[in-house]
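Heads up: the structure comes next, in structure tokens.
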Amino acid sequence: MQGALTRYRIIAWIVGVFLVVLVLVGMPLKYIGDNDTVVAVIGPLHGFLYMIYLLLTFDLSRRARWPFRRMIIVMLAGTIPFFSFWAERRVTRRWVPNAELAAAR
């Protein structure tokens, strides 16, 4: 399960960063600056990476035997800016023993 957790953590951060860039940089540039280049590039890339995020979240949820509701909430975390970071931290704290977490810092 450690491999599934690591894959999930990596994709959660990547999806989160791309969504923040899309919302905080791309959208203002598109609607205020009349330049949709960032949205045209980051938008589809975020969408593709979000599909990978869904697959890796599903994999982790099956291995960890999460209830269906928890799996759906974590999957939806990639659609709200900054929420994927929060969800990743909650998942990590729940599944990584405190001693391992302290050693990783």
Side-chain angles (χ1 to χ4, degrees):
M1 187 173 102
Q2 187 62 36
L5 179 63
T6 301
R7 287 188 296 272
Y8 164 76
R9 292 182 72 192
I10 291 168
I11 197 68
W13 273 90
I14 292 170
V15 167
V17 168
F18 273 69
L19 184 57
V20 167
V21 169
L22 184 62
V23 171
L24 298 182
V25 176
M27 298 305 276
L29 279 175
K30 180 177 180 177
Y31 292 108
I32 296 172
D34 200 30
N35 181 352
D36 68 343
T37 305
V38 175
V39 171
V41 173
I42 300 295
L45 193 53
H46 168 72
F48 176 75
L49 291 170
Y50 181 69
M51 295 300 132
I52 295 171
Y53 173 83
L54 291 176
L55 290 173
L56 294 178
T57 302
F58 179 77
D59 178 49
L60 179 62
S61 71
R62 293 300 101 204
R63 291 172 191 258
R65 298 184 179 154
W66 289 351
F68 183 73
R69 184 171 184 231
R70 180 179 298 143
M71 179 184 73
I72 295 299
I73 289 170
V74 174
M75 284 181 166
L76 290 175
T79 63
I80 303 169
F82 300 104
F83 195 57
S84 67
F85 303 124
W86 175 81
E88 182 272 330
R89 177 53 61 198
R90 292 280 310 246
V91 167
T92 301
R93 286 189 178 167
R94 183 173 181 90
W95 297 106
V96 175
N98 291 333
E100 288 181 30
L101 194 57
R105 290 181 194 176

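- In the hydrophobic clustering of ILVMFWY residues, with side-chain heavy atoms under 4.5 Å counting as a link, M27 and L45 come out together.
- A search for salt bridge (Lys or Arg N to Asp or Glu O under 4.0 Å) contacts involving D59 returns R7, R63, not counting sequence neighbours.
- One distance of note links OG1 of T57 with CH2 of W66; it measures 6.5 Å at 0.5 Å rounding.
- L22 and I52 fall within the same hydrophobic cluster, where Ile, Leu, Val, Met, Phe, Trp and Tyr residues are linked whenever their side-chain heavy atoms come under 4.5 Å apart, directly or through other members.
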Working for side chain to side chain contact (heavy atoms under 4.5 Å, CB included), residues L5 and V91: CA-CA 8 Å; L5 179 63; V91 167; 3.8 Å; yes
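- Taken to the nearest 0.5 Å, the CD1 atom of I14 stands 7.0 Å off from the CD1 atom of I10.
- No chain of hydrophobic side-chain contacts below 4.5 Å, direct or via other Ile, Leu, Val, Met, Phe, Trp or Tyr residues, connects V39 to I80.
- In plain terms, the two heavy atoms of G78 and V15 that are nearest each other are O-CG1, 3.9 Å.
- Atom CD1 of I73 and atom CZ of F68 lie 10.5 Å apart (nearest 0.5 Å).
- Here the straight-line distance linking atom CG of L56 with atom CZ of R9 works out to 14.0 Å at 0.5 Å rounding.
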Evaluation steps, side-chain hydrogen bond (donor to acceptor under 3.5 Å, both in side chains), between E88 and T92: CA-CA 6 Å; E88 182 272 330; T92 301; 3.0 Å; yes
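- In the hydrophobic cluster analysis, where Ile, Leu, Val, Met, Phe, Trp and Tyr join through side-chain heavy atoms closer than 4.5 angstrom, V17 is grouped apart from F83.
- Interatomic distance, CG of L54 versus CE of M75, reported as 5.5 Å (0.5 Å rounding).
- A tilted orientation is assigned to the rings of F85 and F82, their planes being inclined by 30° to 60°.
- Closest non-hydrogen pair, P81 versus V23, comes out as CG-CG2, 3.8 Å.
- Rounding to the nearest 0.5 angstrom, the gap separating the OG atom in S84 from the OH atom in Y50 is 10.0 Å.
- For R90, the CZ atom sits in a loose shell: 12 or fewer heavy atoms of surrounding residues, nucleotides or ligands are nearer than 6.0 Å.
- With hydrophobic clusters built from ILVMFWY side chains whose heavy atoms lie under 4.5 angstrom apart, W86 does not share a cluster with L76.
- Scanning both residues, Y53 and V74, for their nearest heavy atoms gives OH-O, 2.5 Å.
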